[in-house]
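Here's the structure, in structure tokens; my notes come after.
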Amino acid sequence: MLDLSYLRNNLEAVEARLALRGGSTGLDRFQEVDRERRAAITEVERLKALRNAGSEEIARARREGKDTTEQQARMRELGEKIKALEETAKQADAALEEILRTIPNVPHESVPAGAGPEQNVEIRRWGRPPEMNFTPKAHWDLGPALGILDFDRAAKITGARFAVYWGLGARLERALINFMLEVHTRHHGYTEVLPPFLINSASLFGTDQLPKFADDLFKCEGHDFWLAPTAEVPLTNLYRKETLPAERLPIKLAAFTPCFRSEAGSYGRDVRGIIRQHQFQKVELVKFTRPEHSYAELESLTADAEDILQRLGLPYRTVTLSTGDLGFSSAKTYDLEVWLPGLNEFKEISSCSNFEAFQARRAEIRYKPDARGKSDFVHTLNGSGLAIGRTWVAIIENYQQSDGSVVVPEALRPYLNAERITAEGALG
RNA sequence: GGAGGAAUGGCCGAGCGGUUGAAGGCGGCGGUCUUGAAAACCGUUAGUGGGGAAACUCACUCGGGGGUUCGAAUCCCUCUUCCUCCGCCA
């Protein structure tokens, strides 16, 4: 959510920035509704002030033993008027709220202008695709052949877009979780958090997944519980409606969670393999920072995610999303794309965003700059560090050998207790 | 799931329906005293939104929502959370 008075005072500038995202800015009726709301609120407050004074007057008169029936009758009338006007004000408020909810965040000035992914800008590249004197296979062939990945049985027990991991496949997933959490907590200074995986709708409103993106979520029947689509939601909402002391900032959290997405509207995309599943696992990084530090923190957050790829020796590139490809709440986003030899393309494996105060305003997360100062909204950031499933894919595909086995990257061996994944003794 | 109890400011804790946005204490901040500190004493100390250049001012907030009333922290309804007991369970 954008700041109301900022929007009001900089309407044209904001409109111009938002136009770069493409699509409608949602600002058409803003001024009119804003005026209506302010008029209604001013009037209600004026009448309430009258009522407060009147009630006090009655109290005083009664203490002096005077008769107040006439004044009370007048006040009753006023009360009814207030009630009616309050209803108007409430509706105007809701109308404005609805408009504000549809307005996306303003892209940061450093974000390249562009209509879509084609205008994203690659800013750096790390590592080299491994040289193979054979045709690399995709993970959906390698995995089942090694007996570590099983789609048929997943379809039987659950359905499409789910997978079962067997043996070293399951252990590789677990090794990646531990490895990533260890690196982020021990080397990058994040605090490990284990949140609930079911979250309520208030939290989803706090990070703007609701109301717009309800179709992308799984809902628990009969409860106000949803399966978390990303740990961003529980982690950011940890401090919802709280005021944080400035000396605690920045707060850096890392969490491992499963993520659940309905993937409505992505039929036919990434149908093979485990690139796009209804359930996947992720280590998520979330930061709460002072506004003046958030862009430096975005750089370090991105570097923290990149460090995982580097330690695993996985080639990747870093891309700045253009205005047209930017997510609804984000002011600036870097995508990390890992090289997948089997698919012969770069695939998103992490997305690191600065939301500035956009989420904090919605979720009412404040900080106090100093003991006497007025509180202000923090800036929130998050990024995957990394998506576990896609990292699993990247390892299988990048480290595959001509005989179909997979060499385990050095950094992962202590976690996996294996140097190579072969089909020997596989049950899957 | 059943039966009771509770929810007040940073914390503890008062609060006959009418200067109670809220006593008192603790903590915080400022000061007096002191070579310095402690103690003691004095003062000060909630948040959000609107208006204003500012001084300031108006509204809202005593878990959330609704109701009764001229007027609600206080009465009524409802929801949520926490505690105790029973049941069930990892």
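Since this is a predicted model, take the numbers as computed values, not measurements. Throughout, a chain's letter reflects where its sequence line sits, starting with A, and its residues are numbered from 1.
Side-chain atoms of A:Ser55 lie closest to B:rG18 of the nucleotides B:rC60, B:rU48, B:rG18. Taking the side chain of A:Arg51 as heavy atoms from C-beta on, and the options B:rG47, B:rG71, B:rG18, the nearest nucleotide is B:rG71. Among B:rC60, B:rC70, B:rC58, the nucleotide with an atom closest to any side-chain atom of A:Lys48 is B:rC60.
Contact annotation for A:Arg38: backbone-only contact, meaning every heavy-atom pair under 4.0 Å involves sugar-phosphate atoms and none involves a base. The residue A:Arg37 sits apart from the nucleic acid: no heavy atom pair falls under 4.0 Å. Looking at heavy-atom distances under 4.0 Å, A:Lys83 makes contact with sugar-phosphate atoms alone, never a base. Looking at heavy-atom distances under 4.0 Å, A:Lys90 makes contact with sugar-phosphate atoms alone, never a base. Using a 4.0 Å heavy-atom distance criterion, A:Ile41 is classed as making no nucleic acid contact.
Distance noted for atom P between B:rC42 and B:rG49: 36 Å (whole Å).
Between A:His278 and A:Phe162, the ring-plane angle classifies as tilted under the 30° and 60° cut-offs.
Residues A:Thr243 and A:Arg62 each lie close to RNA chain B; by heavy-atom proximity, the contact nearer the 5' end of the strand is made by A:Arg62. Nearest-nucleotide positions on RNA chain B place A:Asp376 closer to the 5' end than the other of A:Val44 and A:Asp376.
Aromatic rings from A:His379 and A:Phe358 are positioned such that their centres are separated by 6.0 Å or more.
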